Amino acid sequence: MSLADQLNAEREKTLERIAALAHDREGVIESCVSTGVDDEHDPEGATIAFERAQIEALLDQSRRHLSDLDRALRRLDEGAYGRCEVCGAPIAAERLAARPTALTCIACASRR
């Protein structure tokens, strides 16, 4: 499987995760509206608020990952993939295997 195929497969999984989380978020919102939950005075309110906040955080994380994948695919098309954005040195294959969206080599990443 080519690198582009791997990035695109991860992109598809991320899009599916975003859709599932958005669906979960809508379910939480609908359940709050249909039951008339008052987060401030309902003993379950804190749980519902926490659940909603957790879903929102996961959605934000997934959207950032999607953006990182899109950037990696653009860099691949431009021929810049695998080169550090800071110093221009090659990014170690092990780093790219562990984190395919890495933009910096380990040395530059450790200085941040």
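Computed from a prediction, not measured in an experiment: that's the story for all the values here. What you see below is based on every heavy atom in this structure, not just the backbone, and it leaves out hydrogens, waters and symmetry mates.
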**Message:** For the CG atom of Leu103 and the OH atom of Tyr81, what is their distance to the nearest 0.5 Å?
**Reply:** 9.5 Å

**Request:** Go through Thr104 and Ile91 one step at a time and tell me if the side chain to side chain contact (heavy atoms under 4.5 Å, CB included) criterion holds.
**Result:** CA-CA 7 Å; Thr104 57; Ile91 299 172; 5.7 Å; no

**Prompt:** CD/Gln6 to CG/Leu69 distance, rounded to the nearest 0.5 angstrom?
**Reply:** 11.5 Å

**Any donor-acceptor pair under 3.5 Å from Ser67 side chain to Arg63 backbone** = no

**Prompt:** Which value, rounded to the nearest 0.5 Å, describes the distance between Asp60 atom CG and Ile55 atom CD1?
**Reply:** 12.0 Å

**Prompt:** Heavy-atom count around Arg25 CZ within 6.0 Å, excluding the residue itself: above 12?
**Reply:** yes

**Request:** Please round to the nearest 0.5 Å and tell me the distance separating atom CG of Leu7 and atom CG of Asp68.
**Result:** 11.0 Å

**Nearest-0.5 Å distance that lies between atom CD in Glu10 and atom CZ in Arg17** = 6.0 Å

**Message:** Tell me whether Leu96 shares a hydrophobic cluster with Leu3, the cluster being built from Ile, Leu, Val, Met, Phe, Trp, Tyr side chains joined at under 4.5 Å.
**Reply:** yes

**Asked** Minimum heavy-atom separation for Ser62 to Thr14, with atom names?
**Response** O-CG2, 3.4 Å

**Complete:** With sequence neighbours left out, the residues meeting side-chain contact (heavy atoms from CB on, under 4.5 Å) with Ile106 are Arg95

**Prompt:** Is there a side-chain contact between Leu15 and Glu12 (heavy atoms, below 4.5 Å)?
**Reply:** yes

**Request:** Please examine the side chains of Ile18 and Leu59, heavy atoms only from C-beta on, and report whether any two atoms are closer than 4.5 Å.
**Result:** yes

**Request:** State, to 0.1 Å, how close Leu73 and Ala4 come at their nearest heavy-atom pair, and which atoms those are.
**Result:** CD2-O, 4.1 Å

**Asked** For the atom pair CZ (Arg52) and CD (Glu56), what is the distance rounded to the nearest 0.5 Å?
**Response** 6.5 Å

**Request:** Check Ala72 against Pro100 and note the closest heavy-atom contact, atom names and distance.
**Result:** CB-O, 4.2 Å

**Item:** Non-hydrogen atoms of Cys105 and Pro90 that approach each other most closely
**Value:** CB-O, 4.2 Å

**Message:** Please list all pairs meeting salt bridge (Lys or Arg N to Asp or Glu O under 4.0 Å) that have one or both residues in residues 82-91, counting only residues at least two apart or in different chains.
**Reply:** Arg71-Glu85, Arg75-Glu85

